[in-house]
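These notes concern the structure reproduced below.
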Amino acid sequence: MLKDVTFGQYYPGNSLLHKTDPRIKMIILIEYLVIVLAATTEIAALVSLSFTLFLITVSGIRFSVLIKSVKPLIFVLVFTAVINLFFTKADTRPLVDFYFITIYKEGIKTAVMMLLRLVSLVLGTSVLISFTTSPLELTDAIESLLSPLKAIKVPVHEFAMMMSIALRFIPTLIEETNKIISAQKARCADFESGNILKRVKSLIPILIPLFVSSI
Amino acid sequence: MTALELKNISVIYGENTPFRKAALNNINVSFEKGSITGIIGHTGSGKSTLASLTNGLLKPTEGEILLYGENIWDKPKEMVKVRSRVGLVFQYPEYQLFDETVESDIAFGPKNIGLSEEEIKERVRLASEFCGLTQKELRRSPFELSGGQKRRAAIAGVIAMMPEVLVLDEPAAGLDPKGKEEILSGLVEYKNAYGATLLIISHSMEDIARYADNILVMKQGEVYMQGNVEEIFMQAEKLFDANLDVPQITKLFIELKKRNLCRSNDVYTVGYAKKEIEKLIKDSENA
């Protein structure tokens, strides 16, 4: 159930991206996000796409892992693409005009661009930060980058500390959850069938022990 | 009759990732109906992995698991049925308690199998009897109970499914001697009453010596030794090699034998040791 969570998962490796100073990676990430979001023309999109592919190649992360990190977002991706496809209006002649469905050339263009943009955002962030930077390195980088703020009395160290504690407990919480899921499954609990209401109800035997054990 | 059989089982975690690890390597074991098998092994030897294989929580990378001759993975859709037949109690099972009362928590398993109201009630009653829970405790919230009572409630939750094979991972860990004794003898009672098969993972050689018929020794994901209690504890040296131990009383008798004070080397329970010592005293008085 939780095995698809790749957020914050570090894949040890020896690539150039693994060895790069995490502070530089953070700065590249910010620039990267700006490029991806600002790219509105075809050429800009191509440039940002090739940069994404470049990062993926350099990181040496396996293709299957990348697919897995995009998988949970499939619904969002399809939804955005469909909305953009059908609801983009333009002055040109529509490609398809069938009762209430009208599709313009611009609609297809925006849909593809949005799709590329979202996938790039996820992959770029994962490859630059999550997969190639250990949580410890990451918090150190954040503390170091934010340290100028100390001058105006921002509690940078505490901030970094809070972040590292939060990151530290994600795997623990996942492990705990898996343990409880297994125990309830051993008592014939069924989490996978039934309608939405039944499925939500079936989570109670997981959530209550999880809350009890974490307070 | 063989209740449960593991055939050429291998389990590999995280295949095709940097975290690849073989947890079990070509395991072949079978468990006779009505027997109690103690599973011992150093930390990380694959005992818990073996436990989660038995009820289909974990799919083996290779090999098959036969429950009364049927491969449990033949019909993955009927896994719930397998899980009701092979009960699995995890280590520190207290964390699985969630319901408002102990009674409804124990009823969780039988309810999931789809039994009738009366049947569920009857099973809750039986299971709580085997685990030594009183009527008063049944009506309380599981979170108000003491550690030992929580453990009983959790084990009762699995026994209520009336499993034919019951696998327990350290059922008595961290309990006081009396609580330990009560829980383990309750399990034996259940086994005797319903002809169930028991697999008990334990670090306590004393408990194993006392309750088990057979012992399975695991080492680094492989079966290291296998046999009845006498056979295994007689080979103390081999157990020490696997970072394991023999019961303390056995250790004492090994020392006595080294000093030529006695001849027997199959002493592994306190009761038997007592008889043996009385015999020795009598012999020396006669001599």
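Note on naming: letters A, B, ... go to the chains in the order of the sequence lines (proteins, then strands), and numbering restarts at 1 for each one. Because the structure is a prediction, the values reported are computed rather than measured.
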Check your understanding: With a cut-off of 6.0 Å (strictly less than), are more than 12 heavy atoms of other residues, nucleotides or ligands near CD of A/Glu175?
Key -> no
Practice item. Flag yes if more than 12 heavy atoms outside A/Arg23 fall under 6.0 Å of its CZ atom; otherwise flag no. Key: no
Review point. What pair of heavy atoms forms the shortest contact from B/Arg83 to A/Lys185, and how long is it?
Key: CD-O, 3.1 Å
Check your understanding: Hey, are the side chains of A/Cys188 and B/Met161 touching, using non-hydrogen atoms and a 4.5 Å cut-off?
Key -> yes
Review point. Atom CD1 of A/Ile208 and atom CZ of B/Phe143: how far apart are they, to the nearest 0.5 Å?
Key: 6.5 Å
Practice item. Return yes when atom CZ of A/Phe87 has more than 12 non-hydrogen atoms of other residues, nucleotides or ligands closer than 6.0 Å, and no otherwise. Key: no
Review point. With respect to chain B, which residue among A/Val212, A/Leu207, A/Leu210, A/Asp190 yields the maximal number of heavy-atom pairs within a distance under 4.5 Å?
Key: A/Val212
**Study point:** Smallest separation among heavy atoms of A/Pro209 and B/Leu97, with atom names
**Key:** CG-O, 3.7 Å
Exercise for review: May I ask you to check whether over 12 heavy atoms, not counting those of B/Glu119, lie within 6.0 Å of atom CD?
Suggested key: yes
Practice item. Nearest 0.5 Å please: distance from the CG atom of A/Asn178 over to the CG atom of B/Leu57. Key: 11.0 Å
Exercise for review: Establish, yes or no, whether the cationic atom of A/Lys179 lies under 6.0 Å from the six-membered ring centre of B/Tyr95 and within 45° of the ring axis.
Suggested key: yes
Revision key, fill the gap. Applying a strict 4.5 Å limit to non-hydrogen atoms, the region of A/Ser182 in contact with chain B is both
Check your understanding: Are more than 12 heavy atoms from other residues, nucleotides or ligands located less than 6.0 Å from atom CZ of A/Phe159?
Key -> no
Practice item. Examine whether an atom of B/Asp99 lies under 4.5 Å from a heavy atom of chain A, and if so say whether it belongs to the side chain, the backbone or both; otherwise answer neither. Key: neither
Review point. Around A/Phe79, counting heavy atoms of other residues, nucleotides and ligands shown, do more than 12 lie under 6.0 Å from its CZ?
Key: no
**Study point:** Which atom of A/Arg187 lies closest to which atom of B/Gln96, heavy atoms considered
**Key:** NH2-O, 3.2 Å
Point to revise | Atom CD of B/Gln135: over 12 foreign heavy atoms under 6.0 Å | key: no
Check your understanding: How long is the gap from CZ on B/Phe98 to CD1 on A/Ile206, to the nearest 0.5 Å?
Key -> 10.0 Å
